[in-house]
Amino acid sequence: MLSTLHHPPRRLSRFFPANNKPRHFHTKPVLSSSQPVTDQSPSSTSPPESQILSIHHSLLSREVTATQLAETYLSRLKLAEPQLKSFIHVSNNVLKEAQSIDDKIKRNENVGPLAGVLVGVKDNICTVDMPSTAGSRVLENYRPPFDATAVKKVKEFDGIVVGKTNLDEFGMGSTTESSSFQVTANPWDISRVPGGSSGGSAAAVSARQCVVSLGSDTGGSVRQPASFCGVVGLKPTYGRVSRYGLIAYASSLDVIGCFGSSVADTGILLSAISGHDRLDATSSKQEVPDFTSQLISASLLESKPLKGLKVGVIRETLENRVDSGVKSTVLGAVSHLEELGCTLSEVSLPSFSLGLPAYYILASSESSSNLSRYDGVRYGNQAAAEDLNALYGDSRAKGFGSEVKMRILMGTYALSAGYYDAYYKRAQQVRTLIQKSFKTALDENDILISPAAPSAAYKIGEKKNDPLAMYSGDIMTVNVNLAGLPALVLPCGFVEGGPVGLPVGLQMIGAAFDEGKLLKVGHIFEQTLQGCRFVPPLIADGIPQ
Amino acid sequence: MKSTHTQTATQEKQQPSPKIKSSPQSNQAKTRTLDRISKEYEAIIGIETHVQLSTLSKAFCPCPYIYGSQPNTSVCPICMGLPGALPVVNSKVVEFAVKLGLALNCKLSFYSKFDRKQYFYPDLPKGYQISQFDIPIATGGYLDVDLPVEFGGGHRRFGITRVHMEEDAGKLLHADDGEYSQEITFPIIYALQVDLNRAGVPLLEIVSEPDMRTGIEAAEYAAELQRLVRYLGVSNGNMQEGSLRCDVNVSIRPVGQSKFGTKVEIKNLNSFSSINRAIDFEIARQALLYSQGKADQIVQETRLWEEGSQKTVTMRKKEGLADYRYFPEPDLPEVILNKEYVDSIQSSLPELPEMKRRRYEEMGLSMQDVLFLANDINVARFFDATIEKGADVKLAANWIMGDIAAYMKNEKLTINEIKLSAAELAELIASIKGATISGKIGKEILFELMAKGGTVKGIIIEKDLVQIVDPSEIEKMVDKVLSENPKQLEQYRGGKTKLQGFFAGNENIERQGKSRAAEQDPFREIKCEKLNVLVRRNLVIMCHFISHRTIKSDFPGSTHLSSDICLLKGSRCCLCIIKSFALYSVYMSEAGF
């Protein structure tokens with residue numbers, strides 16, 4: 001599967017006749033020990049190249065060692081960290097693991113496709129040798145005795161887990177502000193949120209603190225931060241990636257997703273972590289295709305590479321409450337897709353607006369149950385109490401943050417006798433409706449598109465005291481989780497804000513288990529996009545900002 | 001694994017339910033009063049039973065469960081409920097549930113699901129129990145029970161409301177003495193630890209219809225359920241280890257009233273007899289309150305059966321207020337059965353206790369024998385195997401219920417643990433019947449077989465126990481003895497039966513070449529007992545070495561020593577050495593042979 005990866009072109013190539021200017025790919029990896037790692041020249045607006053393939057090539061051609069690579073990334077990570085705070089924990093074993101890869105290469109042994117690739121892992125994904133806190137005090141210092149299946153697979157492919165990234169407590173939030181430990185900043189403007197809940201994973205990839213990262217997406221927690229941080233984020237089909245080792249928020253919605261600085265990297269990471277897992281009864285036995293085999297290099301593209309592809313623009317996502325800048329950027333992406341040969345049409349999902357309340361009822365209900373185990377008996381600080389109820393109550397009151405408590409209360413209420421039918425059951429019915437309407441829309445279209453979020457990154461603290469405003473920001477993404485479908489978010493342009501503008505993400509939604517198509521379309525879109533800046537100023541202008 | 005001892009309501013019932021015991025003096029009078037009061041009320045009893053399944057691994061993880069192992073030695077991230085761990089259904093649990101559902105004559109749900117039942121308790125690692133709520137795997141069945149003969153006998157059919165799958169919780173453990181604890185009291189909780197070995201062990205909960213009316217009916221229902229799970233091989237059904245746990249709901253109402261009374265739940269019932277006694281106590285308690293006009297003091301509550309004081313006491317009140325906030329378990333897919341799967345399980349079901357009892361009945365066994373033999377699946381299997389080898393039904397039953405059962409009880413062994421095989425028992429019965437050995441020797445061989453094993457033939461040869469059955473051989477010997485001792489024969493014929501010993505002990509009649517002092521002769525006793533003396537019309541017919549016993553009806557007017565049945569019957573009685581006696585032919589003709 002991954003062994004069949006072919007290298008992207010490493011020479012000048014010409015494509016996209018609408019623009020006669022040739023576009024440049026780097027002819028060789030620029031990473032070296034003597035030179036700071038800048039995969040693209042800071043001011044470059046050229047499309048991103050696969051970092052993973054580049055690293056693989058450099059390692060095998062002995063241009064650079066895994067240790068050198070790791071040192072470069074680690075030094076950049078440490079340089080950026082005081083401002084970004086993307087990581088809750090940085091691994092102490094990175095150099096050791098890099099060394100063992102170098103040893104393997106020295107012995108001419110085969111190395112995996114992720115060899116030397118530094119992978120950030122959201123801290124709600126279990127790692128055996130590191131803390132896994134889910135951003136909560138309740139799990140402070142908790143070290144799981146096992147690796148999540150996704151992490152195990154990353155390691156099996158010789159990836160190096162660089163550290164654990166920050167998140168909203170238990171994934172509940174859209175800003176990473178509700179982490180019990182720190183607030184992560186957006187690399188494009190450190191006064192802004194990176195989005196959430198996988199804000200740490202998105203910011204880390206954006207700031208090139210690591211090559212790719214794992215996040216989790218329950219209602220948009222991969223896609224919205226990808227949009228805010230200007231990176232590629234992929235939420236796979238529910239069941240495509242094992243949830244074993246993902247600290248549960250809402251089990252029927254949770255999915256482990258991938259971040260990369262290019263569609264290709266995101267696809268390679270997805271290939272690595274996908275597949276049935278006997279430890280997760282909800283993981284699918286659906287065959288895992290080679291997601292990267294269809295990522296045709298730009299030079300080989302025809303004039304209308306997406307000719308005949310039917311793209312539905314979800315009408316409800318471009319209606320009111322969407323920032324005009326976001327809207328016009330997305331409409332620009334629509335034109336771009338048209339230029340690529342796609343047939344665009346407007347699609348209406350009448351149940352779309354119902355997704356948000358249904359999502360918050362279902363997710364809260366499930367989370368109220370999933371978080372029952374943090375009862376002070378085994379995790380967190382046990383409160384001294386005079387009876388059992390007080391022990392539970394006090395331990396949980398001290399252990400959980402306010403956002404988590406609010407959702408537990410909402411979920412407990414929705415599941416209570418007498419309310420179940422009005423809330424949980426009704427929400428499940430809405431979910432079925434949404435699944436049906438997506439099914440119909442995707443029967444008529446190859447993919448659906450929408451903005452990834454109604455706005456670009458907003459200021460830290462801006463929506464902290466207005467949960468409903470924050471929740472409504474999830475309108476673009478939650479429906480996809482309710483339907484269990486795959487969706488890819490990739491940068492499609494910028495709006496004004498911050499020192500250099502703020503990235504806007506385009507969401508592409510596919511049919512179940514059709515990640516391959518999303519990646520293919522996304523890759524072509526990305527490689528042909530004009531004038532889109534892919535590297536945030538934090539790196540581009542030299543740290544510190 | 002050591003299988004468990006059979007313990008049934010039938011065997012426990014010996015002490016018919018003692019009523020409230022307070023002071024010995026007033027005891028009897030009080031019991032009588034309560035009996036009288038109780039008659040005016042009808043009890044409504046329903047039972048919830050939890051059966052721990054004997055799957056190799058737990059319900060949702062690969063951990064084995066071994067009762068009594070060191071605390072927290074059989075745990076993993078899944079059954080410990082560690083963050084990120086997920087349950088995966090053990091398909092054996094579904095299979096066992098389908099088996100029991102079918103055996104209880106239930107309707108199966110082809111689409112069922114798991115739900116989360118949520119409550120906080122330190123022994124519940126996830127804060128919820130994976131169970132089944134609104135769509136249990138099986139519903140609407142029944143269980144047929146034969147009440148013990150001593151309790152009036154009779155056949156009862158009790159309805160089964162539902163059977164559902166769920167997982168067990170852990171156990172609370174006192175840190176200082178390692179004892180398990182049921183209750184949490186403050187500040188003792190800080191000295192409590194949790195043992196999660198049992199957490200995640202699969203259970204089937206079986207809810208009965210409120211069809212039982214007395215303690216013995218309830219106890220017999222539970223005993224039948226135990227038999228059923230053992231027959232099916234889905235559980236060891238051991239109550240002491242908690243593999244079979246019964247919670248009983250009891251309410252009473254005046255006879256003739258249709259409205260149900262207030263229901264009280266009783267827990268901590270660790271044996272069938274405690275089910276029986278606790279219910280009878282509770283009925284009496286409630287009846288007394290009713291008769292005193294204090295019916296309002298019967299409140300919905302959970303009561304605990306105290307074995308020591310033979311009483312039920314309040315454990316907690318205000319039942320029915322708990323909101324478990326059930327919702328579908330999102331970590332597990334629906335449980336989908338298909339017809340082929342169910343059919344294959346249906347066709348693999350063993351003969352169930354009820355079917356066995358009916359079959360034994362048809363074989364001509366008494367209900368007492370039927371209940372005994374069908375009670376324990378292993379005993380029943382042993383009996384069936386013995387019969388299959390051609391053994392006589394009644395004889396096989398007698399041997400099993402008699403000497404074998406007594407031996408098992410004394411040695412505290414199960415029928416699978418004794419060394420005797422069904423084939424050898426059949427051989428033994430055949431050897432006695434075929435007169436190769438006497439019944440007495442047979443018994444000796446039986447104990448040898450049970451203790452040490454081996455074969456009947458082997459032991460006979462090894463111990464040289466074979467009986468001389470060649471009539472001419474015996475004739476010669478007896479003739480020789482008689483002719484050598486005419487005086488004694490004359491006296492014997494004259495009625496001096498004490499001389500029996502003289503003949504029996506005669507060295508010459510003993511096995512050739514086996515001269516021993518009479519006191520040390522291991523065969524002497526047997527010979528004496530077997531020396532069947534028939535006195536008729538002053539004629540002494542000495543049956544020596546009779547391998548079988550004659551029946552009175554075969555020899556009308558005879559006063560032989562044994563009233564046992566002649567194994568050989570009719571014409572085959574010619575094997576009797578009787579014919580070696582001079583008067584044999586006279587006797588035989590008179591006797592109609």
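The figures here come from the full heavy-atom set of this structure, side chains too, leaving out hydrogens, waters and symmetry mates. Lettering of chains follows the sequences in order, A, B, ..., and the numbering in each one begins at 1. Predicted model only: the values in this text are computed from it and were never measured.
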Looking at side-chain heavy atoms only, is the closest gap between P77(B) and P144(A) below 4.5 Å? no
Residue from S416(A), G418(A), C126(A) scoring the most non-hydrogen pairs under 4.5 Å with chain B is S416(A)
Among residues 369-376 of chain A, which ones touch chain B with a heavy-atom distance under 4.5 Å? S369(A), N370(A), S372(A), R373(A), Y374(A), D375(A)
Aromatic contact, F327(B) with Y424(A) (centres under 6.0 Å): yes
Find out whether Y379(A) and L82(B) are in side-chain contact, i.e. whether some heavy atom of one side chain is under 4.5 Å from a heavy atom of the other. yes
What I'd like to find out is whether the side chain of T412(A) reaches to under 4.5 Å of the side chain of R325(B), using heavy atoms alone. yes
Value for CG (D323(B)) from OH (Y420(A)), rounded to nearest 0.5 Å, stands at 12.0 Å
Top of S368(A), A281(A), S132(A) for chain B proximity - count of heavy-atom pairs under 4.5 angstrom: A281(A)
So do D331(B) and R243(A) actually touch side chain to side chain, heavy atoms under 4.5 Å? yes
Residue pair I78(B), Y244(A): steps toward the side chain to side chain contact (heavy atoms under 4.5 Å, CB included) verdict: CA-CA 10 Å; I78(B) 299 165; Y244(A) 192 80; 3.8 Å; yes
Given that the side chain runs from C-beta out, which part of Y326(B) has a heavy atom under 4.5 Å from chain A: side chain, backbone, both or neither? backbone
Looking only at non-hydrogen atoms, find the nearest pair between R116(B) and E366(A) and report the distance. NH1-O, 4.3 Å
Portion of P87(B) that has a non-hydrogen atom of chain A nearer than 4.5 angstrom: backbone
Determine whether L388(A) and F120(B) make a side-chain contact, defined as any pair of heavy atoms from C-beta on separated by less than 4.5 Å. no
